[in-house]
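Residue numbers run from 1 in the order of the sequence given. Because only heavy atoms are used, hydrogens play no part in the values below, and waters and symmetry mates are left out as well, while side chains stay in.
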Amino acid sequence: MLEAIALGLSLLALAVALAGWRQARRAGQESEAKATALKGQLDSLRKQMMELHTGAIGMGQRLQGVEAHAQQLGDRQQELTLQDPDRRLYSRAAKMVELGADLDEVMNECELPKAEAELLISLRKGRS
(Lines give C-alpha, C1' and ligand atoms only; values in the text may rest on other atoms or scores of the structure.)
Protein backbone atom coordinates (compact mmCIF):
# COMPACT_ATOMS: atom_id res chain seq x y z
CA MET A 1 0.00 0.00 0.00
CA LEU A 2 2.82 2.34 0.83
CA GLU A 3 4.34 1.51 -2.47
CA ALA A 4 1.15 2.53 -4.25
CA ILE A 5 1.04 5.83 -2.37
CA ALA A 6 4.71 6.47 -3.16
CA LEU A 7 4.10 5.62 -6.80
CA GLY A 8 1.06 7.93 -6.89
CA LEU A 9 3.07 10.76 -5.33
CA SER A 10 5.89 10.19 -7.79
CA LEU A 11 3.47 10.32 -10.69
CA LEU A 12 1.92 13.49 -9.28
CA ALA A 13 5.36 15.09 -8.88
CA LEU A 14 6.23 14.04 -12.42
CA ALA A 15 2.99 15.58 -13.75
CA VAL A 16 3.67 18.85 -11.87
CA ALA A 17 7.23 18.94 -13.18
CA LEU A 18 6.01 18.25 -16.71
CA ALA A 19 3.45 21.07 -16.44
CA GLY A 20 6.14 23.43 -15.15
CA TRP A 21 8.47 22.42 -17.97
CA ARG A 22 5.71 23.05 -20.55
CA GLN A 23 4.96 26.44 -19.02
CA ALA A 24 8.65 27.38 -19.03
CA ARG A 25 8.99 26.21 -22.63
CA ARG A 26 5.93 28.28 -23.65
CA ALA A 27 7.36 31.34 -21.85
CA GLY A 28 10.68 30.81 -23.62
CA GLN A 29 8.95 30.62 -26.99
CA GLU A 30 7.00 33.79 -26.23
CA SER A 31 10.23 35.54 -25.23
CA GLU A 32 11.87 34.44 -28.47
CA ALA A 33 8.88 35.72 -30.47
CA LYS A 34 9.04 39.07 -28.67
CA ALA A 35 12.79 39.26 -29.25
CA THR A 36 12.28 38.55 -32.95
CA ALA A 37 9.58 41.23 -33.20
CA LEU A 38 11.80 43.76 -31.41
CA LYS A 39 14.70 42.92 -33.72
CA GLY A 40 12.43 43.56 -36.71
CA GLN A 41 11.37 46.91 -35.26
CA LEU A 42 15.00 47.81 -34.59
CA ASP A 43 15.96 46.96 -38.16
CA SER A 44 13.06 49.07 -39.46
CA LEU A 45 14.09 52.02 -37.28
CA ARG A 46 17.70 51.71 -38.43
CA LYS A 47 16.54 51.79 -42.05
CA GLN A 48 14.41 54.88 -41.39
CA MET A 49 17.34 56.56 -39.63
CA MET A 50 19.61 55.89 -42.61
CA GLU A 51 17.00 57.34 -44.97
CA LEU A 52 16.72 60.47 -42.82
CA HIS A 53 20.50 60.75 -42.66
CA THR A 54 20.80 60.46 -46.43
CA GLY A 55 18.03 63.03 -46.90
CA ALA A 56 19.71 65.45 -44.50
CA ILE A 57 23.00 65.16 -46.37
CA GLY A 58 21.23 65.81 -49.68
CA MET A 59 19.43 68.85 -48.24
CA GLY A 60 22.70 70.17 -46.85
CA GLN A 61 24.33 69.91 -50.25
CA ARG A 62 21.39 71.63 -51.93
CA LEU A 63 21.45 74.39 -49.31
CA GLN A 64 25.15 74.98 -49.96
CA GLY A 65 24.42 75.24 -53.67
CA VAL A 66 21.61 77.73 -53.07
CA GLU A 67 23.83 79.81 -50.77
CA ALA A 68 26.59 79.88 -53.37
CA HIS A 69 24.11 80.90 -56.05
CA ALA A 70 22.68 83.65 -53.82
CA GLN A 71 26.20 84.94 -53.18
CA GLN A 72 26.90 85.01 -56.92
CA LEU A 73 23.66 86.91 -57.54
CA GLY A 74 24.52 89.40 -54.81
CA ASP A 75 27.98 89.94 -56.25
CA ARG A 76 26.57 90.36 -59.74
CA GLN A 77 23.95 92.82 -58.50
CA GLN A 78 26.63 94.87 -56.80
CA GLU A 79 28.71 94.86 -60.01
CA LEU A 80 25.75 96.10 -62.02
CA THR A 81 25.01 98.79 -59.46
CA LEU A 82 28.56 100.06 -59.64
CA GLN A 83 28.62 100.03 -63.46
CA ASP A 84 25.57 102.28 -63.85
CA PRO A 85 26.41 105.86 -62.76
CA ASP A 86 22.74 106.73 -62.14
CA ARG A 87 22.36 103.71 -59.92
CA ARG A 88 25.45 104.69 -58.00
CA LEU A 89 23.92 108.07 -57.40
CA TYR A 90 20.66 106.58 -56.14
CA SER A 91 22.51 103.99 -54.09
CA ARG A 92 24.54 106.74 -52.47
CA ALA A 93 21.39 108.77 -51.81
CA ALA A 94 19.67 105.72 -50.28
CA LYS A 95 22.69 105.10 -48.06
CA MET A 96 22.66 108.74 -46.94
CA VAL A 97 18.96 108.47 -46.05
CA GLU A 98 19.66 105.30 -44.06
CA LEU A 99 22.37 107.16 -42.17
CA GLY A 100 19.92 109.96 -41.33
CA ALA A 101 20.63 112.63 -43.97
CA ASP A 102 17.90 115.22 -44.46
CA LEU A 103 16.27 116.36 -47.69
CA ASP A 104 18.69 119.22 -48.44
CA GLU A 105 21.76 117.05 -47.89
CA VAL A 106 20.48 114.35 -50.23
CA MET A 107 19.56 116.92 -52.90
CA ASN A 108 22.93 118.72 -52.72
CA GLU A 109 25.25 115.73 -52.41
CA CYS A 110 23.55 113.53 -55.01
CA GLU A 111 22.26 116.26 -57.33
CA LEU A 112 18.71 114.93 -57.16
CA PRO A 113 15.59 116.98 -57.81
CA LYS A 114 13.51 117.70 -54.73
CA ALA A 115 10.67 115.37 -55.76
CA GLU A 116 13.04 112.43 -56.24
CA ALA A 117 14.81 113.08 -52.95
CA GLU A 118 11.45 113.30 -51.13
CA LEU A 119 10.28 110.08 -52.75
CA LEU A 120 13.50 108.30 -51.79
CA ILE A 121 13.23 109.50 -48.20
CA SER A 122 9.57 108.47 -47.91
CA LEU A 123 10.32 105.02 -49.41
CA ARG A 124 13.24 104.43 -47.06
CA LYS A 125 11.26 105.54 -44.03
CA GLY A 126 8.36 103.31 -45.11
CA ARG A 127 10.67 100.28 -45.00
CA SER A 128 11.88 101.08 -41.50
Is the shortest side-chain N to carboxylate O distance from Lys47 to Asp43 below 4.0 Å? no
Side-chain donor-acceptor pairs of residues 54-74 under 3.5 Å, sequence neighbours excluded:
from  : atom 1 : to    : atom 2 : distance (Å)
Thr54 : OG1    : Met50 : O      : 2.9
Gln71 : NE2    : Asp75 : OD1    : 3.0

Taking every heavy atom of Ala94 against every heavy atom of Leu120, the minimum-distance pair comes out as N-CD2, 3.6 Å
Please confirm whether the backbone N or O of Ala27 pairs with a side-chain atom of Ser31, one donor and one acceptor, at under 3.5 Å? yes
Using a 6.0 Å cut-off, check whether atom CD of Glu3 has over 12 heavy atoms from anything other than its own residue. no
For Gln29, look at atom CD and say whether over 12 heavy atoms of other residues, nucleotides or ligands are found less than 6.0 Å away. yes
Lys34: what forms a salt bridge (charged side-chain N to carboxylate O under 4.0 Å, His left out) with it, not counting sequence neighbours? none
Taken to the nearest 0.5 Å, the spacing of Gln78 CD from Ser91 OG works out to 9.5 Å
Through direct or indirect side-chain contacts below 4.5 angstrom among Ile, Leu, Val, Met, Phe, Trp and Tyr, which residues connect to Leu18? Trp21
Once you round to the nearest 0.5 Å, how far does CG of Leu123 lie from CD of Glu116? 11.5 Å
Listing request: all salt bridge (Lys or Arg N to Asp or Glu O under 4.0 Å) pairs with a residue in residues 96-107, at least two apart in sequence or in separate chains. Glu98-Arg124
Among Ile, Leu, Val, Met, Phe, Trp and Tyr joined by side-chain contacts under 4.5 Å, find the other residues sharing a cluster with Ile5 and list them by chain and number. Leu9
Measure the spacing between CG of Leu45 and CE of Met49 and express it to the nearest 0.5 Å. 8.0 Å
For Gln41 and Leu38: C-alpha separation, side-chain torsions, deciding distance, then whether side chain to side chain contact (heavy atoms under 4.5 Å, CB included) applies. CA-CA 5 Å; Gln41 288 177 348; Leu38 289 174; 3.6 Å; yes
Test side-chain hydrogen bond (donor to acceptor under 3.5 Å, both in side chains) applied to Glu118 - qualifying residues, sequence neighbours left out: none
